[in-house]
2 protein chains.
Amino acid sequence: MAMDDEIPGAVGTSASFALRLGQTIFSAASLLFMSLGVEFHNYTAFCLLVTIMGLVIPWSITLAMIDIYSVLIHCPIRQPGILLFIVLGDWTLSFLTLAAASSIAGIVDLLHRTDVTFCTPAGLCSRYQISAALAFLSWFLSTASSLSNLWLLPSLSR
Amino acid sequence: MAMDDEIPGAVGTSASFALRLGQTIFSAASLLFMSLGVEFHNYTAFCLLVTIMGLVIPWSITLAMIDIYSVLIHCPIRQPGILLFIVLGDWTLSFLTLAAASSIAGIVDLLHRTDVTFCTPAGLCSRYQISAALAFLSWFLSTASSLSNLWLLPSLSR
């Protein structure tokens, strides 16, 4: 297998490490904004976001460690099976992240206009919005990772 | 370019035609359930779904016609530029569909439990839920189309 066709963002490159680091930071920030001091467990969508972020953070940290290890030993992962597993995991998590972020964006927009008591502690709605925005950023980076790996996959499996 | 590596679901195959037909049907059904006799323009998320479905329907119909034409003349599209355009369009529409469907699912779940006046005409909430479910199905088929075309793309551009 020739190593000259290096794809930026595929597993085992420094670009991939940067993407994973960004995912971890944005997910953790989104989780903190959503969960600290807020009764998030009243709403299904908010619980979904907290659950998904709790899955994304360990997944991204694990893959970030694999990336930095691969960069250090100059031997990126090129087994189609492992790559397929990573692509499928990334896809699932990125779709769930998008779904959770969209739900929250829709709910906050709706309640902001119809229910005046929803944002009673000042700045509560802003926190929800920031959390959704951070989740969108995390989704964007996760999709970028997934696309890079998916782009690499057909060249390995033939 | 060898034609033996036919990928089911890529542009110009009968599987792709079936996917496009399914997208059109589900999107049209979702649009009808959402817009007929409902004041959907009060809520941002509902307007988003109607807008996106209004984009998905012509897009899917156009590509379905391209597919059936390609099947009839036995000459699938294999230009990387056109394929990239189709992949990008599919991706954008599928993400927007997922976002709209998730928003509506979140909102309906929330209002169903907190606001008793929201579902006052009997069966209104069920209609919203059916519309969101149909949009999810349309998203699923759209993602399948996009993945098939994306899988084909790296083999063309080298």
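Just so we're on the same page: letters track the sequence lines, and every chain starts at 1.
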> Is it possible for you to say whether Trp59(B) and Leu21(B) belong to one hydrophobic cluster, with membership spreading through side-chain heavy-atom contacts below 4.5 Å?
no
> Within a reach of under 6.0 Å around CZ of Phe140(B), are more than 12 heavy atoms found that belong to other residues, nucleotides or ligands?
no
> With a 4.5 angstrom heavy-atom cut-off, could you sort out which part of Ala105(A) is near chain B: side chain, backbone, both or neither?
neither
> Given the rule that I, L, V, M, F, W and Y join up when any side-chain heavy atoms are under 4.5 Å apart, are Val71(A) and Leu152(A) in one cluster?
no
> Report yes if the side chains of Trp151(B) and Trp151(A) come closer than 4.5 Å at any heavy-atom pair, otherwise no.
no
> Shared ILVMFWY cluster between Val50(A) and Ile57(A), side chains joined below 4.5 angstrom?
yes
> Atom CH2 in Trp91(B), atom OG1 in Thr143(A): separation rounded to 0.5 Å?
6.0 Å
> Is there a side-chain contact between Leu150(B) and Leu150(A) (heavy atoms, below 4.5 Å)?
yes
> Please tell me whether Val56(A) and Leu88(A) are part of a single hydrophobic cluster in this structure, the criterion being side-chain heavy atoms less than 4.5 Å apart.
yes
> Would you give the length of the straight line joining atom CD1 of Ile104(A) to atom CD1 of Ile107(B), rounded to the nearest 0.5 angstrom?
12.0 Å
> Look up atom CZ in Phe46(A) and atom CG in Leu110(B), then write down how far apart they are to the nearest 0.5 Å.
7.5 Å
> Sort Leu48(A) into side chain, backbone, both or neither according to what part of it lies under 4.5 angstrom from a heavy atom of chain B.
neither
> Any side-chain to backbone donor/acceptor pair from Ser103(B) onto Ser102(A)? Under 3.5 Å, distance only.
yes
> Is it possible for you to say whether Phe17(B) and Val11(B) belong to one hydrophobic cluster, with membership spreading through side-chain heavy-atom contacts below 4.5 Å?
no
> When only pairs under 4.5 Å are counted, which of Ala101(B), Ala45(B), Gly106(B) shares the most heavy-atom pairs with chain A?
Gly106(B)
